[in-house]
*Asks:* 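Can you read through this structure? Questions will come right after.
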Amino acid sequence: MTVSLAGRTLAPPVLLAPLAGITDLPFRQLVSRFGAGLVVSEMVASQEMVEAKPSVRARAELGFGHANTAVQIAGRDAYWMAEAAKLAEGQGARIIDINMGCPAKKVVNGYSGSALMRDLDHALGLIAAVVAAVSVPVTLKTRLGWDDACLNAADLARRAEAAGIGMITIHGRTRCQFYKGHADWAAIAPVKAAVGIPVIANGDITDTATARRALAASRADGVMVGRGAQGRPWVLAQIAHDLYGAPAPDIPRGGALARMVAEHYREMLAFYGRDLGLRVARKHLGWYMDDAGTAAPLRRAILTASDPAEVLARLPDALAARQDREAA
C-alpha cells in the first residue's frame with residue numbers, strides 16, 4: 001500500500017513522528033535505513049529558523065534534499081511561516097509540514113502549535129500563506145481539538161484541504177490531554193470521512209498490533225510512530241513488513257546490535273560535537289539498554305561515562321543481554 005501526496009508516493013505508509021530532542025538527523029537517517037515511508041524533522045520555530053539563531057541552527061540540519069524527509073515548521077505569523085517554508089524549499093526540502101498539534105505550554109503560550117485549534121480562521125491564514133509560498137507539497141499535523149468541548153479536527157481538515165494541504169496527520173488526543181490516557185483512534189475516522197486527501201493516524205502506535213488496531217478504528221491511510229521507535233529504530237520497518245508486505249528488517253542482535261548502536265553513537269558525537277553529543281546520546285543509549293534488559297550497574301556506568309571510548313568498550317556487554325534472553 002502507498003500514499004500519494006501531490007504526485008509523490010510515500011511507501012510504505014508508516015511514518016516517523018517529529019519528537020523534540022529525539023528525531024534529530026542521526027536518528028532519522030538510522031530509521032530511514034531500516035525503512036520508513038517518511039521521516040519528519042524536529043519542529044523548528046519559523047521566525048528563528050529564518051533569522052538563523054544559533055539555538056535553532058544547531059539542530060537545523062533538517063535533512064534538506066532527502067527524498068523521504070519532511071521539514072516541520074511552527075509559528076503564529078503568516079509572514080514568518082511563509083519565509084521559513086521558502087527557506088526550507090530553497091535548501092532542498094521536498095515536503096513542508098505545519099505543526100498545529102504541539103501541546104507544550106511554551107509553544108501554546110506563544111499562540112502556536114495546538115493553540116491554533118482555538119482559532120481556525122487564523123490557522124487557515126497560516127496554512128494559505130505557506131501553501132502559496134512554495135511549490136512542494138505542504139502537510140499538516142494536528143490533534144482532535146483543543147479539549148473535549150472543542151473537537152474540530154474534521155472542520156480544520158476540510159478547510160485545510162481546500163487551502164491546498166496534501167496530507168493531514170491526526171494525533172488521537174486533544175491538546176488538554178497532552179499525552180495522558182489513551183489515543184482515541186476511532187475519533188480520527190470522522191476526519192478521514194471529511195476529506196479526500198490522505199489521513200495518517202498517530203498516538204500510542206508502538207508496534208504491529210497497535211498499528212493494526214489504529215488503522216481499523218480510524219480508517220486512516222497510514223500510521224505515524226513516535227515514542228515506539230525509541231531504542232527500536234527498526235520498528236517502523238517491522239510494521240511495514242507485517243501490514244504491507246514491505247521487506248522484513250534485519251533486526252540486529254548481539255554483536256550486530258552493539259555495532260549499530262556504536263555507529264549511531266559516533267554519528268551523534270560527530271553531529272553535536274563531543275561534549276553536547278555525550279549528553280544527547282545518553283537518552284538513546286538508555287532506550288537501547290531498556291530494550292536489551294541491561295543490568296543496572298552496567299547501565300549506570302555507561303550513562304555516567306565521560307569518555308566515549310569507555311562507552312564504546314562497554315556496549316557489547318550491555319547489549320548482549322537481549323540476545324541472551326532470546327536464546328534462553
Side-chain angles (χ1 to χ4, degrees), residues 3-10 13 15-20 23-25 28-29 32 36-53 56-57 59-102 107 110 112-114 116-117 120 122-143 156-157 159-171 195 197-200 202 221-222 224 226:
V3 167
S4 180
L5 173 60
R8 299 174 185 271
T9 298
L10 304 182
L15 286 52
L16 178 66
L19 298 171
T23 55
D24 54 22
L25 186 61
R28 295 197 310 273
Q29 289 179 325
S32 291
L38 186 74
V39 296
V40 185
S41 76
E42 299 172 88
M43 179 186 72
V44 290
S46 55
Q47 183 173 349
E48 292 182 357
M49 180 179 178
V50 175
E51 294 178 338
K53 293 184 179 178
V56 171
R57 181 59 60 198
R59 60 180 221 267
E61 295 287 342
L62 296 172
F64 295 131
H66 290 249
N68 70 331
T69 296
V71 174
Q72 188 181 78
I73 61 174
R76 62 178 179 177
D77 183 277
Y79 170 80
W80 291 114
M81 290 285 282
E83 290 299 305
K86 287 191 287 188
L87 185 154
E89 182 185 31
Q91 294 294 318
R94 309 294 182 87
I95 297 171
I96 306 297
D97 188 61
I98 300 174
N99 182 297
M100 292 189 179
C102 180
V107 175
S112 300
S114 56
L116 294 163
M117 298 293 285
L120 295 194
H122 184 56
L124 266 292
L126 301 180
I127 290 170
V130 172
V131 170
V134 297
S135 60
V136 297
V138 180
T139 61
L140 176 67
K141 188 173 190 295
T142 188
R143 289 185 167 228
L156 174 60
R159 297 177 66 182
E161 180 182 25
I165 288 293
M167 182 177 76
I168 185 166
T169 299
I170 303 291
H171 184 113
V195 297
I197 56 176
V199 173
I200 305 299
N202 176 229
D221 301 285
M224 179 173 277

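These numbers come from a predicted model, not from an experiment.
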*Asks:* Any luck finding a side-chain donor-acceptor pair between Glu83 and Ser46 under 3.5 Å?
*Replies:*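 Result is no, nothing qualifies.
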*Asks:* To the nearest 0.5 Å, what is the distance between CD1 on Ile165 and CG on Leu124?
*Replies:*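 CG of Leu124 is found 9.0 Å from CD1 of Ile165.
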*Asks:* Closest heavy-atom contact between Ala160 and Leu140?
*Replies:*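 The pair with the smallest heavy-atom distance is CB-CD2, 4.0 Å.
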*Asks:* For residues Thr139 and Val40, determine if any side-chain heavy atom of one lies less than 4.5 Å from a side-chain heavy atom of the other.
*Replies:*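 No, every pair of side-chain atoms sits at 4.5 Å or beyond.
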*Asks:* Test side-chain contact (heavy atoms from CB on, under 4.5 Å) on Ile98 and Val138; report intermediate values, then the result.
*Replies:* CA-CA 7 Å; Ile98 300 174; Val138 180; 3.8 Å; yes
*Asks:* Give, for atom OG of Ser41 and atom CG of Leu25, the distance between the pair rounded to the nearest 0.5 Å.
*Replies:*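 The distance works out to 10.0 Å.
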*Asks:* Are Lys141 and Pro18 side-chain neighbours, meaning at least one heavy-atom pair lies under 4.5 Å?
*Replies:*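 Contact flag for Lys141/Pro18 side chains = yes.
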*Asks:* As an exercise, state the distance from CD of Gln47 to CZ of Arg76, rounded to the nearest 0.5 Å.
*Replies:*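 Going from the CD atom of Gln47 to the CZ atom of Arg76 covers 8.5 Å.
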*Asks:* Does Ile168 reach the side chain of Glu161, with side-chain heavy atoms less than 4.5 Å apart?
*Replies:*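 Ile168 vs Glu161: side chains apart.
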*Asks:* Please examine the side chains of Pro198 and Val3, heavy atoms only from C-beta on, and report whether any two atoms are closer than 4.5 Å.
*Replies:*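 In short, these two side chains touch, coming nearer than 4.5 Å.
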*Asks:* Please examine the side chains of Ile127 and Met81, heavy atoms only from C-beta on, and report whether any two atoms are closer than 4.5 Å.
*Replies:*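 SC-SC contact between Met81 and Ile127 ruled out.
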*Asks:* Does the side-chain contact (heavy atoms from CB on, under 4.5 Å) test come out yes or no for Arg143 and Ile170, once each step is laid out?
*Replies:* CA-CA 5 Å; Arg143 289 185 167 228; Ile170 303 291; 5.9 Å; no
*Asks:* Are the side chains of Met167 and Pro137 in contact, using a 4.5 Å heavy-atom criterion?
*Replies:*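 No, every pair of side-chain atoms sits at 4.5 Å or beyond.
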*Asks:* side-chain hydrogen bond (donor to acceptor under 3.5 Å, both in side chains) with Asn99: which residues, sequence neighbours excluded?
*Replies:*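 side-chain hydrogen bond (donor to acceptor under 3.5 Å, both in side chains) check on Asn99 returns Gln72.
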*Asks:* To the closest 0.5 Å, what do you measure between CG (Leu116) and SG (Cys102)?
*Replies:*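 One gets 11.0 Å once the value is rounded to the nearest 0.5 Å.
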*Asks:* I need the minimum non-hydrogen distance between Ala85 and Val130, along with the two atoms involved.
*Replies:*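 It is CB-CG1, 3.8 Å.
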*Asks:* Closest approach of Ser112 and Gly75, non-hydrogen atoms and distance?
*Replies:*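 Looking at all heavy atoms of both residues, the shortest contact is OG-C, 3.2 Å.
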*Asks:* Starting at CG of Leu19, measure out to CZ of Arg28 and round the result to the nearest 0.5 Å.
*Replies:*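 Reported to 0.5 Å precision, the distance equals 11.0 Å.
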*Asks:* Within this structure, what is the CG-CH2 distance for the pair Leu87 and Trp80, rounded to the nearest 0.5 Å?
*Replies:*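 Output value for this atom pair is 11.0 Å.
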*Asks:* Could you please spell out the steps behind the side-chain contact (heavy atoms from CB on, under 4.5 Å) verdict for Leu120 and Arg159?
*Replies:* CA-CA 9 Å; Leu120 295 194; Arg159 297 177 66 182; 3.7 Å; yes
*Asks:* State, yes or no, whether a side-chain contact exists between Thr169 and Thr142 at a heavy-atom distance under 4.5 Å.
*Replies:*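 Heavy-atom side-chain distance check fails, nothing below 4.5 Å.
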*Asks:* Does a side-chain heavy-atom distance below 4.5 Å link Glu42 with Asp24?
*Replies:*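 Yes. Closest side-chain heavy atoms under 4.5 Å.
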*Asks:* Check step by step if side-chain contact (heavy atoms from CB on, under 4.5 Å) holds for Met224 and Leu38.
*Replies:* CA-CA 9 Å; Met224 179 173 277; Leu38 186 74; 5.7 Å; no
*Asks:* Can you see which heavy atom on Ala88 is nearest to which on Ile96, and at what distance?
*Replies:*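 It is CB-CD1, 3.6 Å.
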